[in-house]
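Note sheet for the following structure.
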Amino acid sequence: MSTLPAGIGAAATRRQIVSWGIWDWGSSAFNAVILTFVFSVYLTDAVGDNLGGSISASTWLGWSLGIAGFFVAVLAPVSGQRFDATAKRKRALGLLTAATVIAMAAMYFVVDSPGYLWLGLALLGIGTVLFAVAEVPYNAMMRQVSTPETIGRVSGFGWAMGYFGGIVLLLICYFGFIAGDGDTRGLFGITTDGGLNIRVVALLAAAWFAISAIPVLIAVPEVPQTDADPGAAKVGFIGSYKVLWRDVRELWSVDRRTVEFLIASALFRDGLAGVFTFGAVLAVNVYGIASADVLLFGVAANVVAALGALVAGRFDDRIGPKRVITVSLISMLFVGVVLVFVSGPLLFWVFGLLLCLFVGPAQSSSRTFLARITPPGREGQLFGLYATTGRAASFLAPALFGLFAFLFSNDRAGILGILVVLGVGLAALWRVRPPEKSLETK
């Protein structure tokens with residue numbers, strides 16, 4: 001009989017697990033509606049449509065998200081460390097979620113006029129930073145609501161809640177506020193004057209996230225304070241980086257493979273995020289899909305990614321996570337190259353959804369890979385670093401998308417920037433030794 005390391009949720013209840021997953025359900029309001037399929041498209045296709053100048057609104061979007069990624073890189077590596085060391089994980093989650101909700105609600109004031117593009121980009125960038133840092137304590141909570149025997153199922157439950165939460169909310173937004181033609185849209189007949197129907201969607205998304213965040217703050221207790229990371233609770237902001245560097249050096253000496261995988265996964269996971277971040281923008285501006293119909297693509301993309309993750313889970317257990325990730329990335333590179341050359345809505349639907357099919361497996365098996373090589377008793381530290389290193393590299397795909405789109409004066413060329421990030425991540429993963437069978441079955 002195994003002994004649970006400190007902090008693992010041996011007594012976690014079904015209510016706590018569901019409450020934890022509901023936050024992921026609600027977080028889709030930011031990921032799917034704000035960042036990917038609605039508000040970002042509104043900024044580039046409507047607000048910045050007649051911007052003028054040689055730089056497109058899509059390029060400005062890529063650069064603004066790149067700047068946001070830089071701030072995430074500065075803040076994320078020490079945030080989880082400090083939240084745990086000071087035993088304020090749940091408090092941090094509540095405050096950061098509230099701040100993200102406020103940024104989302106403020107998007108209501110971004111009117112359909114080129115002069116408001118800068119406000120929209122600023123709010124989107126600020127929201128991205130706040131949301132990214134909020135994910136750190138949320139992901140760390142996974143250890144509080146699971147055991148070594150259930151952590152895979154609990155993690156998969158969270159992924160599924162996020163995907164399907166996005167689907168439900170996108171359908172509500174599409175049929176309620178966006179579908180149709182003319183001066184009013186959706187079942188609620190909201191006017192399109194000044195982009196009001198999309199601005200109301202931003203308010204709905206903010207409320208959706210706020211309500212969904214309440215259960216985890218009530219049901220899951222605060223993490224107890226420990227001395228697992230000596231000195232972390234007593235140092236200031238700069239000192240936190242010294243503690244982090246000490247921990248990483250220790251990790252490097254104990255198991256170099258773990259550090260190598262964290263670096264590789266940070267790269268290719270940023271490329272995976274780029275697929276969803278810029279997919280809707282490309283669908284409208286390059287492949288001719290109507291702004292209203294892009295939500296339907298978003299729904300289909302979430303379903304396909306979720307199904308891909310579920311099917312790949314079986315292959316993960318049989319052939320190992322590295323092979324699943326490798327096959328997924330190679331497939332995405334191939335499909336991405338095809339997308340560079342095809343045109344028209346139909347071919348984007350075919351190859352865009354095929355691309356999304358491999359996103360879910362890569363995401364799911366990446367988390368599984370780390371779980372299989374994590375030394376007993378250090379799960380929290382490793383998954384915290386997993387979250388922070390991923391966010392620390394989050395500026396690469398947006399920045400390269402913007403750079404390639406700018407250099408070639410064509411938004412389609414931004415796809416090449418995302419493929420570069422995926423390719424570099426694959427090359428870094430190639431040299432990482434896969435989990436041994438003994439570790440996989442512990």
Is the closest side-chain heavy-atom distance between [X] and [Y] below 4.5 Å?
| X | Y | value |
| --- | --- | --- |
| Leu123 | Phe109 | no |
| Leu217 | Lys90 | yes |
| Val145 | Val216 | no |
| Leu124 | Leu61 | yes |
| Trp63 | Pro398 | no |
| Trp60 | Ser64 | no |
| Pro215 | Val18 | no |
| Leu169 | Phe37 | no |

Once you round to the nearest 0.5 Å, how far does [atom1] of [X] lie from [atom2] of [Y]?
| X | Y | atom1 | atom2 | value |
| --- | --- | --- | --- | --- |
| Ile418 | Leu272 | CD1 | CG | 10.5 Å |
| Ile172 | Ile167 | CD1 | CD1 | 12.0 Å |
| Phe297 | Leu170 | CZ | CG | 12.0 Å |
| Leu117 | Asp49 | CG | CG | 11.0 Å |
| Leu396 | Leu422 | CG | CG | 11.0 Å |
| Ile325 | Phe358 | CD1 | CZ | 14.5 Å |

How about [X]: does its [atom1] atom have over 12 heavy atoms from other parts shown lying under 6.0 Å from it?
| X | atom1 | result |
| --- | --- | --- |
| Trp245 | CH2 | no |
| Trp252 | CH2 | yes |
| Phe404 | CZ | yes |
| Phe406 | CZ | no |

Main-chain N/O of [Y] paired to [X] side chain as donor or acceptor, under 3.5 Å:
| X | Y | value |
| --- | --- | --- |
| Arg269 | Ser265 | yes |
| Tyr138 | Trp20 | yes |
| Tyr42 | Val110 | yes |
| Ser40 | Leu35 | yes |
| Ser113 | Tyr116 | no |
| Thr326 | Arg323 | no |
| Arg412 | Ser343 | no |
| Asn197 | Phe177 | yes |

Worksheet item: When you look at Met332 and Val335, which way does the side chain to side chain contact (heavy atoms under 4.5 Å, CB included) test go after all the steps?
Response: CA-CA 5 Å; Met332 292 181 69; Val335 176; 5.8 Å; no
Taking all heavy atoms of [X] and all of [Y], pick out the closest pair and write down the distance.
| X | Y | answer |
| --- | --- | --- |
| Val342 | Tyr287 | O-CE2, 3.3 Å |
| Arg199 | Asp193 | NH1-O, 4.3 Å |
| Trp349 | Ala300 | CZ3-CB, 4.0 Å |
| Phe131 | Thr100 | N-OG1, 3.5 Å |
| Ser56 | Asp411 | OG-OD1, 3.5 Å |
| Ser328 | Pro361 | OG-CB, 3.6 Å |

Fill in: Side-chain donor-acceptor contact under 3.5 Å, Ser28 with Asn31
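Looking only at side-chain atoms, Asn31 and Ser28 do not form any donor-acceptor pair under 3.5 Å.
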Worksheet item: Going through the distances and angles, do Ile218 and Ser19 end up as a side chain to side chain contact (heavy atoms under 4.5 Å, CB included)?
Response: CA-CA 8 Å; Ile218 296 175; Ser19 297; over 6 Å; no
Practice prompt. Would you please test Thr128 and Phe71 for side chain to side chain contact (heavy atoms under 4.5 Å, CB included) and show each step?
Written response: CA-CA 10 Å; Thr128 298; Phe71 282 99; over 6 Å; no
Practice prompt. Before giving the answer on side chain to side chain contact (heavy atoms under 4.5 Å, CB included), spell out for Trp208 and Val168 the whole-Å C-alpha distance, their side-chain angles and the decisive distance to 0.1 Å.
Written response: CA-CA 11 Å; Trp208 180 280; Val168 172; 3.8 Å; yes
